[in-house]
Amino acid sequence: MTHTAAAPGTGLHSAVHAWVDGWARARGTDAPQAVPGGFRIEVRRPGHLARHVLPEAEPAVLRDLVDTLTTPGLWIKACAPREVVEPLLTADWEISEPQYLMTTDGLAASHSGAGLPSGYRLQIVDEGEEVFEARVHAVGGPGNGSGAGSGSCSGGAEGPGTVLAASGRAALTTGARGSCPAPYAPSVVFDMIGTQPAHQRRGLGRAVMAALAGRAVERGARQGVLVASPDGRALYEAMGWRLRSPVTAAGRMG
């Protein structure tokens, strides 16, 4: 299935377009399809059958989606604050925690100066040319690795005595296939960045982001895009990322 180009829009529209293209690649779903008001992605997972992603909360579009999306497990993600979206929903919809669309044009700076503390190893696993994953393992158990050395490698970090401490995925995307010119700059979308509770506040999330950014820059990406949780937003702002829009996510309940 090919990626379909959205109509020309603002910078926010381009960022959303990049995000949905990269998110679909990172998650291994069908490519996003252009629909009125935004994009639809067929996710086909329990509790998350499909999502509509809207670059703006147009009342007519939202009302139509609320009226027509009647199957539990369908989601709407709109680039607007909760107070704008919530009045347009019915009681069948439940809003999740706040999210934030963020971008950076400083990928080259993002992959410098983020070393690992002692006791950890970083591994980057490629899933083809477009998708890759960074994994940080603690060596020697669930704590700080009992003083083992730090470093990075392209494979082989897993094994006896190692624990996955942090990880994240990224997908390269250069625009809708078949579109000319591409509707946004060559981009990398970061996804599922997380650190296990026992290993937080040690700079592992920053190290994962730096490793993914470095690989993306090597492969031609110029822009980074992600949607952050409230906790993640603080980390990314400290790394120089720019907030583009709040994102309100609402799911159709049973």
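Atom set for the values below is all heavy atoms of this structure, side chains included, hydrogens, waters and symmetry mates excluded.
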Does the side chain of [X] reach to within under 4.5 Å of the side chain of [Y], using non-hydrogen atoms?
| X | Y | answer |
| --- | --- | --- |
| R222 | D105 | no |
| R215 | D126 | yes |
| R40 | P32 | no |
| I95 | T248 | yes |
| V188 | V225 | no |
| M102 | R244 | no |

Test of understanding: with side chain to side chain contact (heavy atoms under 4.5 Å, CB included), list the residues that count as partners of [X], not counting sequence neighbours.
| X | value |
| --- | --- |
| E56 | H13, E58 |
| A171 | R25, A26, V131 |
| P46 | none |

When you group the ILVMFWY residues by side-chain heavy-atom contacts below 4.5 Å and let the links chain together, are [Y] and [X] in the same group?
| X | Y | value |
| --- | --- | --- |
| Y100 | V85 | no |
| L89 | V247 | no |
| L54 | I41 | no |
| L204 | L226 | yes |
| L172 | V217 | yes |

List in chain and number order the residues that pass side-chain hydrogen bond (donor to acceptor under 3.5 Å, both in side chains) with [X], two or more places apart in sequence or in another chain; answer none if no residue qualifies.
| X | answer |
| --- | --- |
| E237 | R233 |
| D231 | none |
| S187 | Q223 |
| R44 | D30 |

Could you go through R51 and V43, starting from their C-alpha distance and side-chain angles, then the distance that decides it, and tell me whether this counts as side chain to side chain contact (heavy atoms under 4.5 Å, CB included)?
CA-CA 7 Å; R51 59 168 54 185; V43 183; 4.3 Å; yes
Strictly by salt bridge (charged side-chain N to carboxylate O under 4.0 Å, His left out), give each pair with a member in [range] just once, sequence neighbours left out.
| range | result |
| --- | --- |
| residues 70-83 | R82-E86 |
| residues 186-201 | R27-D191 |
| residues 245-254 | D92-R252 |

Taking the six-membered ring of W23 (Phe, Tyr or Trp), confirm whether the NZ or CZ of R169 is under 6.0 Å from its centre and within 45° of its axis.
no
For V16 and C79, what are the C-alpha separation, side-chain angles and deciding distance, and is it a side chain to side chain contact (heavy atoms under 4.5 Å, CB included)?
CA-CA 9 Å; V16 171; C79 289; 3.7 Å; yes
Supply the members, apart from M192, of the Ile/Leu/Val/Met/Phe/Trp/Tyr cluster built from side-chain contacts under 4.5 Å; use none for a lone residue.
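Its cluster mates, by chain and number: none.
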Worked check of side chain to side chain contact (heavy atoms under 4.5 Å, CB included) between L12 and L101:
CA-CA 9 Å; L12 179 59; L101 177 68; 3.5 Å; yes
Using modelled atom types only, decide if a donor and an acceptor are shared between the side chain of R219 and the backbone of E129 within a distance under 3.5 Å.
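A pair under 3.5 Å: yes.
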Angle class for the Y184/H17 ring planes (parallel below 30°, perpendicular above 60°, tilted otherwise)?
perpendicular
Is the ring pair Y120/H199 parallel, tilted or perpendicular, if the boundaries are 30 and 60 degrees?
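The arrangement is perpendicular - the two ring planes meet at more than 60°.
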Please name the pair of heavy atoms, one in [X] and one in [Y], separated by the smallest distance, quoted to 0.1 Å.
| X | Y | value |
| --- | --- | --- |
| A18 | V189 | O-CG2, 3.3 Å |
| A57 | A78 | CB-CB, 4.4 Å |
| T195 | A166 | OG1-CB, 3.7 Å |
| A80 | S245 | N-OG, 3.9 Å |

What's the verdict on side chain to side chain contact (heavy atoms under 4.5 Å, CB included) for E97 and S229, showing C-alpha distance, side-chain angles and the deciding distance?
CA-CA 8 Å; E97 72 171 1; S229 67; 3.6 Å; yes
Walk me through it: do W19 and F190 pass the test ring-ring contact (aromatic ring centres under 6.0 Å, His included)?
CA-CA 9 Å; W19 177 57; F190 297 82; over 10 Å; no
Would you say the side-chain atoms of R242 and T103 include a donor-acceptor pair closer than 3.5 Å?
no
Roughly how far apart are [X] [atom1] and [Y] [atom2], rounded to 0.5 Å?
| X | Y | atom1 | atom2 | answer |
| --- | --- | --- | --- | --- |
| R206 | L116 | CZ | CG | 12.5 Å |
| S118 | R202 | OG | CZ | 11.0 Å |
| R135 | E133 | CZ | CD | 4.5 Å |
| H52 | F39 | NE2 | CZ | 12.5 Å |
| M209 | T104 | CE | OG1 | 8.5 Å |

Which pairs of donor and acceptor atoms, one on a side chain in residues 61-76, lie under 3.5 Å apart (sequence neighbours left out)?
residue : atom : partner : partner atom : Å
T68     : OG1  : D64     : O            : 2.8
W75     : NE1  : G47     : O            : 3.0

